[in-house]
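The structure under discussion appears below in the form of structure tokens.
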Amino acid sequence: MERSVEYLQLLAKSFPSIAAASTEIINLEAILNLPKGTEHFVTDIHGEYDAFDYVLRSASGVIQQKIDAVFGDELSLEDKRSLSALISYPEAKLRVLKAENDNLDEWYKVTLMQMIAVLTRVSSRYTRSKVRKALPKDYAYIIEELMHETRGTFQSKHNYLKAIVDTIVSTGRASHFITAIADVTRDLVIDQLHIIGDIYDRGPGAHRIMDMLCNYRDFDIQWGNHDVVWMGAATGSAACVANVVRNSLKYAAMTTLEDGYGINLLPLATFAMQTYADDPCTLFIPVKTDDTPVEDLPQMDLLSQMHKAIAIIQFKIEAAVIARHPEFHMEHRNLLDKVDFKRGVINIGGKDYKLLDTNFPTVDPSDPYRLTSAEQNVIDRLVHSFTNSKALARHVDCLFTHGSLYLVHNNNLLYHGSVPLNEDGTLASMNIQGVDYKGRELFDTIDKYVRTAYYASDDDPLKQYGQDLFWYLWCGPVSPPFDKKRMATFERYFLAEKETHYEEKGNYYRLKNRRDICEMILREFGITDLEHAHIINGHIPVKESSGESPIKADGRLLVIDGGFSKVYHQQTGIAGYTLIYNSHGMRLVRHHPFESIQKSVSEGMDVIAATQVVEYSDQQILVRDTDKGKRLMARVEDLKALLQAYRTGLIRN
């Protein structure tokens with residue numbers, strides 16, 4: 001009772017009277033009866049900034065839906081698409097429309113009212129207070145005046161509203177108003193953004209995506225294996241640094257490394273030119289993710305040499321990590337000592353395979369995992385560059401602040417890759433610091449150690465353990481964001497036999513189609529209301545072109561990796577999925593490849609290929625039905641207790 005009184009006294013500082021507490025209760029009860037906000041789920045972006053930017057700007061078709069709902073058949077399809085493009089890309093679309101319209105003043109007047117009508121529809125699920133805070137300061141009063149005169153009552157204040165619009169146009173502020181209205185519409189159309197991992201690698205714009213996200217209003221990230229390897233590199237893990245640089249060179253995606261984070265690659269370039277001067281490094285020619293012929297890449301020979309150099313350094317560094325951690329059970333990934341350099345073969349699983357490349361000038365057959373002094377210098381300078389990049393540190397701070405390995409939200413369980421399982425479907429365990437963990441406890445324990453690795457001082461004994469754990473999360477067999485028996489990097493470079501390239505997936509990927517398995521996982525993470533519960537994850541692209549469905553286990557599992565990355569488009573047949581969860585249920589959106597902003601703006605091109613209803617509710621889902629609603633209802637109960645305390649004199653106001 002004493003602790004309850006202390007809490008109510010603290011609450012009374014914020015609500016110092018019966019009137020204040022009552023007003024807040026009324027406000028919260030009103031919010032609880034609003035429709036739930038729209039959640040937007042995206043995964044496996046892989047540096048494709050322009051495509052991701054389009055998805056956010058169009059809200060995966062939600063803006064087009066709102067326009068359809070407001071105007072129905074009043075506008076042609078062409079006009080509705082034009083309005084949608086204007087809201088998505090206001091500056092670019094305005095340039096096009098200004099060139100096309102002779103009577104610009106009249107177009108401004110019509111368009112302003114159309115945009116106000118859409119904004120009014122979008123903001124209808126929020127309180128006036130929230131909408132007011134979202135409005136730009138300079139124009140808030142005028143936009144609010146226009147919004148709250150609905151289309152039905154327009155005639156009653158015709159002269160008043162006409163005067164506002166006419167003055168906006170005559171003062172030359174119409175373009176500014178249109179841009180402001182578009183910005184706030186996009187801001188309000190999505191209430192919460194979920195990024196289910198793999199922002200980094202392959203594409204050139206991961207740093208730009210992170211800049212966008214770190215300034216986004218309400219978002220969360222479930223780390224993917226491509227994210228954790230960059231996070232590990234930022235902590236100073238040499239193994240993670242080597243993998244990040246190798247991945248960037250593999251796809252000739254140097255923009256994020258060099259322009260985004262200022263990573264100095266000159267020491268690696270110098271070393272590679274000297275060491276592999278007479279080596280064409282043909283096995284290490286970069287994979288292009290766009291239509292540019294690989295032979296047209298600037299300095300292709302140098303990139304290939306750098307690629308090979310960092311790959312050999314990586315294999316050596318990884319062997320040291322594996323030696324430090326026998327509990328990782330990754331000794332089978334040490335392959336340099338299996339090479340017969342005289343015969344040019346490697347023995348794997350008792351079978352000899354001919355190497356496609358036998359030039360290993362830095363590998364000592366008697367001590368194959370020893371770094372040469374030149375290699376050690378290269379990796380030391382790379383680690384220094386990663387750990388001293390302020391831009392990378394800012395983005396990794398953002399990943400830690402807004403991210404984790406998993407999230408339970410509104411009866412949905414979000415994670416990037418898997419929950420590791422044994423063959424019989426039971427939870428698989430991983431040994432961390434001498435203790436076996438599995439299921440939710442494994443995720444929580446990993447989270448604790450990797451945070452320690454990033455924020456701990458260099459002399460903390462857990463610093464290196466956490467760095468090595470980051471590397472394991474990237475490629476370890478019981479790693480939740482990876483979950484494959486091996487990452488066959490060496491084999492894919494040096495061996496022709498396809499069977500050696502195969503990366504066997506963990507048991508989760510075989511069992512995930514079973515409803516009982518998915519429901520077991522949901523219960524493990526504390527979700528007991530299974531009727532409308534879902535697991536949402538990515539990591540393994542859904543091959544829709546082969547007939548695979550993203551909806552699995554009778555709707556309990558949604559795998560929404562449809563291949564954002566350009567290298568997957570041919571494999572999947574599409575360019576990604578997004579998932580929309582609004583007050584009427586869930587809708588899966590399938591995307592065509594994004595071509596350019598110009599096409600979207602000038603031609604009204606829409607990349608949405610199709611939508612599929614995953615779950616629909618006739619009864620609208622309200623805020624009170626959500627996790628936020630539960631918190632607000634608890635707040636209401638506290639405030640009611642405060643009212644009672646005021647009325648009984650337990651607390652005086």
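Just so it is clear, the model here is predicted, and its values are computed rather than measured. Index from 1, following the sequence.
- In this structure, Leu119 CG and Lys66 NZ are separated by 11.5 Å, a value rounded to the nearest 0.5 Å.
- Atom OG of Ser123 sits about 11.5 Å away from atom CZ of Arg132, to the nearest 0.5 Å.
- Interatomic distance, CG of Leu112 versus CD1 of Ile142, reported as 11.0 Å (0.5 Å rounding).
- Side-chain N or O atoms of Glu548 include one that pairs as donor or acceptor with a backbone N or O of Lys543 at under 3.5 Å.
- A centroid separation of less than 6.0 Å is found between the aromatic rings of His226 and His46.
- Within 6.0 Å of CZ in Arg510 there are more than 12 heavy atoms belonging to other residues, nucleotides or ligands.
- Distance NE2/His194 to CG/Asp218: 8.5 Å, rounded to 0.5 Å.
- Between Asp187 and Arg217, at least one side-chain N (NZ, or NE/NH1/NH2) sits under 4.0 Å from a carboxylate O, which counts as a salt bridge.
- Heavy-atom contacts from other residues, nucleotides or ligands closer than 6.0 Å to NZ of Lys505 number 12 or fewer.
- Taking each heavy atom of Ile196 and Gly538 in turn, the nearest pair found is CG2-N, 4.5 Å.
- Using a 4.0 Å cut-off between a side-chain N of Lys or Arg and a carboxylate O of Asp or Glu, Arg556 and Asp554 do not qualify as a salt bridge.
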Side chain to side chain donor-acceptor pair (under 3.5 Å) evaluation trace for Tyr7 with Asp638: CA-CA 9 Å; Tyr7 171 71; Asp638 290 343; 2.8 Å; yes
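- Between Phe219 and His402, the distance from one ring center to the other falls under 6.0 angstrom.
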With side-chain contact (heavy atoms from CB on, under 4.5 Å) as the criterion, how do Ile560 and Leu588 come out once you've worked through the C-alpha distance, each side chain's angles and the decisive distance to 0.1 Å? CA-CA 8 Å; Ile560 62 169; Leu588 194 68; 3.7 Å; yes
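- Minimum heavy-atom separation, Ile209 to Ile45: CD1-CG2, 3.4 Å.
- Not one N or O on the side chain of Lys630 forms a donor-acceptor pair closer than 3.5 Å with the backbone of Asp627.
- Proximity of a side-chain donor or acceptor of Asp227 to a complementary backbone N or O of Gly197 within less than 3.5 Å is not detected.
- When all heavy atoms are compared, the tightest approach of Leu427 to Asn422 is O-ND2, 3.1 Å.
- Between Tyr577 and Val589, every side-chain heavy-atom pair lies at or beyond the 4.5 Å cut-off.
- Between the side chains of Glu29 and Asn27, no donor-acceptor pair is found at a separation under 3.5 Å.
- Of the charged side-chain nitrogens involved, none lies within less than 4.0 Å of a carboxylate oxygen, so that Glu78 and Arg81 do not count as a salt-bridged pair.
- Checked against the 6.0 Å centroid criterion, the rings of Trp223 and Phe400 qualify as a close aromatic pair.
- Looking only at side-chain heavy atoms (C-beta outward), Gln65 and Arg587 come within less than 4.5 Å of each other.
- In plain terms, the two heavy atoms of Ala533 and Asn412 that are nearest each other are C-OD1, 4.4 Å.
- Heavy atoms of other residues, nucleotides or ligands lying less than 6.0 angstrom from CG of Asp73 number 12 at most.
- Distance check, rounded to the nearest 0.5 Å: CG of Leu135 to CE of Met147 gives 6.0 Å.
- Annotation: side chain of Glu39 is not in contact with side chain of Ile580 (no heavy-atom distance under 4.5 Å).
- At a threshold of 4.5 Å between non-hydrogen side-chain atoms, the residues Asp561 and Val542 do not count as touching.
- Leu56 is listed as a side-chain neighbour of Leu193, based on a closest heavy-atom distance under 4.5 Å.
- For Phe177 and Tyr108, the gap between ring centers reaches or exceeds 6.0 Å.
- Residues Pro35 and Gln620 are in side-chain contact: their nearest non-hydrogen atoms beyond the backbone lie under 4.5 Å apart.
- By the 4.5 Å heavy-atom criterion applied to side chains, Phe482 and Val228 are not counted as neighbours.
- Evaluated for a side chain to side chain contact (heavy atoms under 4.5 Å, CB included) with Ile87, the options Ile181, Asp183, Val118, Val189 yield exactly one hit, Val118.
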Hey, mind stepping through Asp68 and Lys80 against salt bridge (charged side-chain N to carboxylate O under 4.0 Å, His left out) and telling me if it holds? CA-CA 7 Å; Asp68 287 338; Lys80 286 191 281 189; 3.2 Å; yes
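- In the model, Tyr437 has no side-chain atom that pairs as donor or acceptor with a side-chain atom of Asp444 under 3.5 Å.
- Evaluated for a side-chain hydrogen bond (donor to acceptor under 3.5 Å, both in side chains) with Asp191, the options Lys130, Arg125, Lys36 yield exactly one hit, Lys130.
- Side-chain contact of Ser418 with His539: a donor-acceptor pair under 3.5 Å is absent, judged by distance alone.
- Glu615 and His534 share a side-chain donor-acceptor pair at under 3.5 Å.
- A donor atom on one side chain and an acceptor atom on the other are not found under 3.5 Å apart for Thr38 and Asn582.
- Considering OH of Tyr646 and OG of Ser22, their distance stands at 10.0 Å, rounded to 0.5 Å.
- Between Met210 and Tyr200 the shortest side-chain heavy-atom distance falls below 4.5 Å.
- Nearest heavy-atom pair, Phe15 versus Leu642, reported as atom, atom and distance to 0.1 Å: O-CD2, 3.8 Å.
- Side-chain contact annotation: Gln192 with Asp220, donor-acceptor N/O pair under 3.5 Å present.
- When all heavy atoms of Pro90 and Arg186 are compared, the pair lying nearest together is CD-NH1, 3.5 Å.
- A cation-pi arrangement is found for Arg208 relative to Tyr49, the charged atom lying closer than 6.0 Å to the ring centre and inside a 45° cone about the ring normal.
- Using modelled atom types and a 3.5 Å distance limit, the side chains of Asn537 and His416 yield no donor-acceptor pair.
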